[in-house]
Amino acid sequence: MIQLTRLNGKTFSLNALYIETVESFPDTTITLTTGRKYIVKETEEEVRKKVSNYYRTIQVLSTPHLRGDENEE
């Protein structure tokens with residue numbers, strides 16, 4: 001789960017595995033695979049970083065070639 005902030009200042013947790021798109025309209029809008037949309041205070045780049053860190057935490061990116069590691073040993 002990643003921690004995000006609604007436009008009213010309230011924080012919430014979102015399961016990053018269900019994120020389909022992140023866009024700026026100019027507010028950052030996150031669309032889930034279910035079609036549900038969330039508008040958040042964080043920038044598009046901040047959301048990307050949070051998602052990437054989350055994936056590393058749950059080891060979705062544990063395969064060396066997905067992480068970008070040259071040596072798989």
*With hydrophobic residues grouped by side-chain heavy-atom distances under 4.5 Å, do I39 and I19 end up in a single group?*
no
*Are Y18 and L14 grouped together when hydrophobic residues (ILVMFWY) are joined by side-chain heavy atoms under 4.5 angstrom apart?*
yes
*Does some side-chain heavy atom of T11 sit less than 4.5 Å from a side-chain heavy atom of T5?*
yes
*Taking all heavy atoms of A16 and all of Y55, pick out the closest pair and write down the distance.*
O-OH, 3.6 Å
*Determine whether the side chains of E42 and T28 contain a donor N or O and an acceptor N or O closer than 3.5 Å.*
no
*Of all the heavy-atom pairs spanning E23 and T21, show the shortest one and how long it is.*
OE1-OG1, 3.8 Å
*asked:* Using a 6.0 Å cut-off, check whether atom CZ of F12 has over 12 heavy atoms from anything other than its own residue.
replied: yes
*At what distance, to the nearest 0.5 angstrom, does CG of L32 lie from CG of N15?*
9.0 Å
*Decide yes or no for I2 and N53: does some side-chain heavy atom of the first lie under 4.5 Å from some side-chain heavy atom of the second?*
no
*In sequence, state the C-alpha distance, the side-chain angles, and the governing distance for I30 and L4, and then conclude on side-chain contact (heavy atoms from CB on, under 4.5 Å).*
CA-CA 11 Å; I30 300 170; L4 297 168; 3.6 Å; yes
*salt bridge (charged side-chain N to carboxylate O under 4.0 Å, His left out) assessment of E44 paired with R48*: CA-CA 6 Å; E44 197 172 335; R48 275 195 215 108; 2.8 Å; yes
*State, yes or no, whether a side-chain contact exists between V51 and V22 at a heavy-atom distance under 4.5 Å.*
no
*Under 4.5 Å between side-chain heavy atoms, hopping through other hydrophobics if needed: is there a path connecting L17 to Y38?*
yes
*Show the numbers, then the answer: is there a side-chain contact (heavy atoms from CB on, under 4.5 Å) between K41 and L7?*
CA-CA 6 Å; K41 283 187 173 183; L7 294 181; 4.1 Å; yes
